[in-house]
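Quick note: numbers below take in every heavy atom, side chains included, and nothing from hydrogens, waters or symmetry partners. Quick note on labels: first sequence line is chain A, next is B, and so on, each numbered from 1.
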There are 2 protein chains.
Amino acid sequence: MTTHATPRTRREQILREASRLFAERGFHGVGVDEIGAAVGISGPALYRHFAGKDAMLTELLVGISSRLRDGGRRRVEEARAAGRAPSEALESLISGHIDFALDDRALITLHDRELDRLPEADRKRVRQLQRQYVELWVEVVRETHPRLPEDQARAAVHAVFGLLNSTPHLSRPSALPDRATTAALLHRQALAALAAAER
Amino acid sequence: MTTHATPRTRREQILREASRLFAERGFHGVGVDEIGAAVGISGPALYRHFAGKDAMLTELLVGISSRLRDGGRRRVEEARAAGRAPSEALESLISGHIDFALDDRALITLHDRELDRLPEADRKRVRQLQRQYVELWVEVVRETHPRLPEDQARAAVHAVFGLLNSTPHLSRPSALPDRATTAALLHRQALAALAAAER
DNA sequence: CACGGCGGTTAGCGAGCGTTAACCTGCCCT
DNA sequence: AGGGCAGGTTAACGCTCGCTAACCGCCGTG
């Protein structure tokens with residue numbers, strides 16, 4: 001199940017193009033006229049759909065952070081409800097994150113590059129969502145690797161996020177193996193990196 | 001041996017502060033007046049030392065890319081000259097990169113965030129240096145893990161860079177364990193992630 | 001059939017930015 | 001003693017950018 005279908009409303013279309021452009025050239029590097037042009041309207045027409053440029057970035061970042069957290073919670077919940085081992089919950093978290101990283105590359109890029117271009121209030125909200133997502137991982141990692149101290153678990157999780165988010169940053173993604181191969185590779189690496197943290 | 005001593009010339013002082021500010025708020029998010037203020041002079045005085053704002057970013061990115069590549073080459077060279085196993089060359093590469101990531105956090109951040117704010121010519125130069133550094137790693141990884149296909153080796157190396165570069169991106173680095181612990185942790189994780197790539 | 005609002009248009013404003021100009025001061029060197 | 005240059009200063013320019021204003025056509029509805 002892909003997380004984002006092709007846009008049906010003009011709003012979604014704008015968000016889609018804005019995320020692409022922001023990821024390519026940075027929030028400050030893209031003008032509103034450019035975003036408008038990308039959807040076939042021009043400049044100020046965007047203000048019929050959004051309060052301003054900031055509002056677009058806010059909506060994108062809150063959206064992806066929420067989806068990451070909620071998706072993670074759901075996966076852990078499901079694994080627990082089915083009585084499966086914590087290690088399976090962890091693998092599910094990894095798979096879910098990989099799907100995100102490979103299918104919503106632009107959003108992942110924004111997510112860890114443009115956070116501090118947000119107005120204070122929104123930034124706090126996004127950071128809270130991100131923190132909850134991290135803590136969810138830390139919880140599950142500590143269940144599967146009980147000898148790992150909490151601060152190291154958190155650092156290890158951050159490192160694995162860096163690993164999983166590496167491919168969207170590639171300037172020439174065509175150099176990658178096909179999707180399935182890349183996904184499997186990242187999965188193996190993430191799992192091993194977390195296991196190695198404990199030693 | 002740290003890579004960058006405390007600045008003695010005004011030029012170095014400016015570069016130091018500029019890198020800090022660029023890393024914190026992004027290249028477009030920092031004004032020249034602000035950079036000037038950070039070193040106690042104001043605005044246009046910077047033009048006595050640099051051709052422009054772009055030139056500062058260029059010098060920072062070319063500098064760090066060169067140092068990464070040259071340091072990597074030196075380490076591999078040394079290991080080979082001493083007749084040590086490829087696995088030791090790999091571990092030396094990992095250690096060197098970790099030193100960079102932990103000691104020059106701001107530069108590492110710029111290095112993979114602000115590359116495309118560079119004028120075309122400089123960007124090409126930096127990308128070439130980065131590519132050479134990556135290929136150096138890929139070479140060594142393929143010696144230590146011969147069954148790993150080249151494209152997957154390259155993807156695995158990129159992923160490990162993401163892992164190693166994760167800590168500089170942390171907004172609150174105080175949450176990390178102490179330096180030695182963090183370095184050891186990252187080293188274990190990177191090594192394991194590369195080994196797991198082969199399977 | 002009028003009409004209201006949705007979603008566009010172009011013109012233009014005001015702020016902030018990088019950069020240049022013009023000027024000044026102290027130090028080194030002969 | 002004097003002159004030049006290194007390294008500052010402030011003023012100002014011009015451009016870009018986000019955003020607002022003013023206007024307009026289409027379409028669904030009472």
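- Close to C:dC6, at under 4.0 Å from its OP1 or OP2, lies no side-chain N or O of A:R10.
- Between B:R123 and B:E120 there is a salt bridge, with a side-chain nitrogen of the basic residue lying less than 4.0 Å from a carboxylate oxygen of the acidic one.
- For the segment residues 37-50 of chain A, residues with any heavy atom less than 4.0 angstrom from an atom of DNA chain C are, sorted by number, A:I41, A:S42, A:P44, A:A45, A:R48, A:H49.
- Using a 4.0 Å cut-off between charged nitrogen and carboxylate oxygen, B:E150 and B:R154 count as a salt-bridge pair.
- Following rounding to the nearest Å, B:H28 (NE2) and D:dT16 (C1') show an atom-to-atom distance of 12 Å.
- One atom, CD1 of A:I35, and another, P of D:dG18, lie 7 Å apart when rounded to the nearest Å.
- Note: CZ (B:F22) to P (C:dC17) measures 13 Å, nearest angstrom.
- Rounded to whole Å, atom C1' of D:dT20 lies 14 Å from atom CG of A:D33.
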Between B:R75 and B:E78, does the salt bridge (Lys or Arg N to Asp or Glu O under 4.0 Å) criterion hold? Intermediate values first, please.
CA-CA 5 Å; B:R75 294 181 112 96; B:E78 280 174 11; over 6 Å; no
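- Side-chain contact annotation: A:H28 with A:E114, donor-acceptor N/O pair under 3.5 Å absent.
- Salt bridge annotation for A:R80-A:E143: present, with a cationic side-chain nitrogen under 4.0 angstrom from a carboxylate oxygen.
- To the nearest angstrom, C1' of D:dT16 lies 15 Å from CZ of A:F27.
- Rounded to whole angstrom, the span from the NZ atom of B:K53 across to the C1' atom of C:dC17 amounts to 8 Å.
- Between the C1' atom of D:dG8 and the CD1 atom of B:I14 lies a distance of 11 Å, rounded to the nearest Å.
- Spacing between atom CZ of B:R11 and atom P of D:dG8 amounts to 13 Å, rounded to whole angstrom units.
- Using a distance-only test at 3.5 Å, with no hydrogens or angles considered, no donor-acceptor pair links the side chain of A:S65 to the main chain of A:V62.
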